[in-house]
There are 2 protein chains.
Amino acid sequence: MSHDSDTGAIRREVTVADVAGAAGVAKATAARALGDYGAVSDSVRDRVLAAADRLGYRPNALARTMSTGRSNTLGIVVGDIENPFFAQATRGASDVASAAGLDFILSNSDEDPVVEAQAIAVQLAKRVDGLLLAPASSVDPTNLRSVIDAGRPVVLFDRVVEGVEVDAVIAANRSGARTATRLLLDAGHRRIALISTLEHDDVYRAGAMLTMSSVAERVDGFVSALADAGVADPASFVHLNARRDGVDTIARRLLTDGSGITAIIGSDSLIALQVFRVARELGLGIPTDLSLIAFDDADWTWVSTPGVTVMSQPIHEIGAEAARLLLRRVRGDVAPPVVRVLDQKLIERGSVAPPRR
Amino acid sequence: MSHDSDTGAIRREVTVADVAGAAGVAKATAARALGDYGAVSDSVRDRVLAAADRLGYRPNALARTMSTGRSNTLGIVVGDIENPFFAQATRGASDVASAAGLDFILSNSDEDPVVEAQAIAVQLAKRVDGLLLAPASSVDPTNLRSVIDAGRPVVLFDRVVEGVEVDAVIAANRSGARTATRLLLDAGHRRIALISTLEHDDVYRAGAMLTMSSVAERVDGFVSALADAGVADPASFVHLNARRDGVDTIARRLLTDGSGITAIIGSDSLIALQVFRVARELGLGIPTDLSLIAFDDADWTWVSTPGVTVMSQPIHEIGAEAARLLLRRVRGDVAPPVVRVLDQKLIERGSVAPPRR
DNA sequence: GTGAAAGCGCTAACAG
DNA sequence: CTGTTAGCGCTTTCAC
């Protein structure tokens, strides 16, 4: 047995023609046996397969795509695969894809429309059959348009894009935020802060247009719940740009500047984690001095002391359902676009209590 | 401006020939301008680029790969992208790849050699220029051999494969485990358990061959540290198959069956998380009743009460360095294979104290 | 600098 | 059932 592993060079590949030659049949016949299509007699098939095996034939998926036009591949563009939300959604989607016999290509957008455009270009260049996209911007449709114009099926997840009719799978963020906010309100809190890392040019003002629909919905649910409860100037309780300004900085300010904040909602679990730490550093007890609710049922929320009350999303299912919708399109379904809204679920643990004052 | 977004079908793509026609030049010339190679006069280039833009030309990366033989793509096969370890390593590798202008394809192996073989086949079929692999088995070289035989550069990460000389980036697991174990020993513990999810046919016995080198190294460091300290039958303190048997079941048994275990090392942060919870459910205080050390510096380990002492690995860098090594190979470097061993670092928090008895 | 033609590995259409 | 012949969209000689 000879290994030429010592040469770094890529060997000349064994092709259908080689196999055909070795098996003593025509190229097309070998191709049919190898590609498992068309009609081939058992005896010939066996001969071809044996030859292929002997020669170490490996199909060239690219050449196949070239002639069929189908790559048998789905693409996904996420904000950042390190974010547990995207990791789980990706896994959900990838499971559906591989169950359907499709391959999967992943790109990160860093939540930056420019990087996203590049990522999309790559995926289209590789001729993915369809694309899963968590759009970096819900207000600028340019990137989404580019894939639609290319004629590729696309399904959004986690966020929608305004003014573009396309399949999407999102969570019920507005009602989730309302529920979370009301839990705090019902416990007696009146000064509740919402912290998000979403970038925004300005201080948040009522009705301002936010660039990410999921966050916008969360903010909207939050503000409307406060308003319903008669809280004055609810918009002033929304704190954006937490990545730029630092979650810990914001949390620290909120908890020490006499603004009287008694409860905080973290727009994702990473934010809540930071708040949790700041509270501890400040010697503030949870939930005695501060009540806390996080979005997403992250691992740590049930080992912290106290456990953190969370608004949980069916993350896996968001990815899986998006992939299912995409599969339909890839298979030619031309029904009108649907937006699937999946429920969020409140999981109460120990981080909410009435405010001290 | 016309959008035929209403048709789900993939439109006939705009090709180099189309652009050439529109620009009034030969196909080859257009291709040179578009592909940015060869020599083209400025005026012609401008004309071609303008035409391309007008027609909405998008290069077909597959066709390009067909003729050049290079796909400009790196592949990675991980155990499970939902595992934070792999998510971080993947991100590290992906950043290096995209900085070098290469695309990135991801597959999950589920730590199953059969699934892994399939994943590798897919990547090779897509003609990736090189492959990053966290091999599902360190003792069965079949899958790794298949990519080497295909002549593709490959770099392993997190684990090595016995008997195969190939580039790899791993962590210093043996010494890390020794350090962690000694910390416990020095605190006075004598009955320390190590829990891992690694599958193994039997109860662990001294010198048994484990199928994943990273875990094998951890176990070896652990056992040798115990032996050095004069602990009798150190192998009996190793508990494998924790996925099959349930981490919580194992932990519960260890802590209630009178075996007198006073400290536990979790072979990854997910395991430690479960142990943490079981301890709490059992009403055991950490570190008063049980000392705990985890591998990997997960988020939750610094918000739990107490914080968990961890053996941290440079996960990002493992992925990044593996990608760098791979890039070299892809570029033709034929130097002998190297195995890069990155240090682990002990981060002491509050989960270790002397045993009660 | 530009053009014409061949070919990458595969599938598809059409004969036989 | 099997073979022949064209391409898929691009790059790459090799002429001019």
Side-chain angles (χ1 to χ4, degrees), chain A residues 10-49 51-52 55-73 124-129 150-151, chain B residues 10-49 51-52 55-73 121-122 124-129 150-151:
Chain A
I10 293 177
R11 291 214 312 272
R12 189 189 161 290
E13 308 287 347
V14 177
T15 73
V16 174
D18 299 328
V19 176
V25 298
K27 207 174 68 168
T29 307
R32 285 192 265 259
L34 260 12
D36 203 31
Y37 61 94
V40 193
S41 69
D42 287 353
S43 65
V44 170
R45 184 196 319 285
D46 290 349
R47 203 140 41 90
V48 171
L49 262 27
L55 266 38
Y57 168 77
R58 294 195 168 268
N60 184 329
L62 273 45
R64 183 169 298 176
T65 301
M66 288 280 302
S67 24
T68 61
R70 302 196 64 243
S71 61
N72 239 272
T73 303
L124 292 181
K126 288 201 183 305
R127 295 299 190 261
V128 293
D129 293 333
Chain B
I10 293 177
R11 289 213 313 270
R12 191 190 159 291
E13 308 287 346
V14 176
T15 74
V16 174
D18 299 329
V19 176
V25 297
K27 208 174 69 168
T29 306
R32 285 192 263 259
L34 261 12
D36 202 32
Y37 61 92
V40 193
S41 69
D42 287 353
S43 65
V44 170
R45 184 196 320 285
D46 290 349
R47 203 140 40 89
V48 171
L49 262 26
L55 298 181
Y57 168 77
R58 293 189 170 273
N60 183 329
L62 273 44
R64 183 168 299 176
T65 300
M66 287 282 301
S67 23
T68 60
R70 301 197 63 244
S71 61
N72 240 271
T73 303
V122 165
L124 292 181
K126 288 200 184 306
R127 295 299 191 260
V128 292
D129 293 334

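To find a chain, count down the sequence lines: A is the first, B the second, and so on, and within it residues start at 1. Every heavy atom of this structure was used, including side-chain atoms; hydrogens, water molecules and symmetry mates were not.
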Any idea which of [options] is nearest the [X] side chain?
{"X": "S41(B)", "options": "dT11(D), dG1(C), dT2(D)", "value": "dG1(C)"}
{"X": "Y57(B)", "options": "dC10(D), dA12(C), dT11(D)", "value": "dC10(D)"}
{"X": "A63(B)", "options": "dA4(C), dT11(C), dG9(D)", "value": "dG9(D)"}
{"X": "A26(B)", "options": "dT11(D), dT2(D), dA4(C)", "value": "dA4(C)"}
{"X": "S67(A)", "options": "dG3(C), dC8(D), dT11(D)", "value": "dC8(D)"}
{"X": "T15(B)", "options": "dG3(C), dT11(C), dC10(D)", "value": "dC10(D)"}
{"X": "V16(B)", "options": "dC10(D), dG9(D), dA4(C)", "value": "dC10(D)"}
{"X": "V44(A)", "options": "dC10(C), dA5(C), dT2(D)", "value": "dT2(D)"}

Starting at atom [atom1] of [X], determine the distance to atom [atom2] of [N], rounded to an integer number of angstrom.
{"X": "N60(A)", "N": "dC10(D)", "atom1": "CG", "atom2": "P", "value": "17 Å"}
{"X": "N72(B)", "N": "dC10(D)", "atom1": "CG", "atom2": "P", "value": "16 Å"}
{"X": "D18(A)", "N": "dC10(C)", "atom1": "CG", "atom2": "P", "value": "9 Å"}
{"X": "K27(A)", "N": "dG3(D)", "atom1": "NZ", "atom2": "C1'", "value": "12 Å"}
{"X": "R47(B)", "N": "dG1(C)", "atom1": "CZ", "atom2": "P", "value": "15 Å"}
{"X": "R127(B)", "N": "dT11(D)", "atom1": "CZ", "atom2": "P", "value": "18 Å"}
{"X": "L62(B)", "N": "dG7(C)", "atom1": "CG", "atom2": "P", "value": "22 Å"}
{"X": "Y37(A)", "N": "dT2(D)", "atom1": "OH", "atom2": "P", "value": "13 Å"}

task = I would like to know whether N60(A) and E13(A) meet side-chain contact (heavy atoms from CB on, under 4.5 Å); could you show each step before the answer?
result = CA-CA 9 Å; N60(A) 184 329; E13(A) 308 287 347; 6.0 Å; no

Sidechain-backbone polar pair: D18(A) side chain, T15(A) backbone, donor-acceptor under 3.5 Å = yes

Non-hydrogen side-chain atoms of [X] and [Y] separated by less than 4.5 Å:
{"X": "R45(B)", "Y": "D36(B)", "answer": "yes"}
{"X": "R64(A)", "Y": "N72(A)", "answer": "no"}
{"X": "T73(A)", "Y": "K126(A)", "answer": "no"}
{"X": "R32(A)", "Y": "V44(A)", "answer": "no"}

task = Determine the Euclidean distance between corresponding P atoms of dC10(C) and dC1(D); express it in Å to zero decimal places.
result = 24 Å

request  = Can you check whether any acceptor in the base of dG3(C) is under 3.5 Å from a donor in the side chain of R32(B), or vice versa?
outcome  = yes

task = Please list every stem that involves DNA chain C, where a stem is a run of 3 or more consecutive Watson-Crick or G-U wobble pairs with both pairing distances under 3.5 Å.
result = C:1-11 with D:6-16, C:13-16 with D:1-4

Toward the 5' end of DNA chain C, by each residue's nearest nucleotide, V40(B) or M66(B) = V40(B)

ask   = T29(B) side chain N/O closer than 4.0 Å to the phosphate oxygens (OP1, OP2) of dG3(C)?
value = yes

inquiry  = Please find the pair of heavy atoms, one from Y57(B) and one from L34(B), that lie closest to each other, and give the distance.
reply    = CE2-CG, 3.6 Å

key: Result of checking V19(B), V40(B), V16(B) against V48(B) for side chain to side chain contact (heavy atoms under 4.5 Å, CB included)   = V19(B)

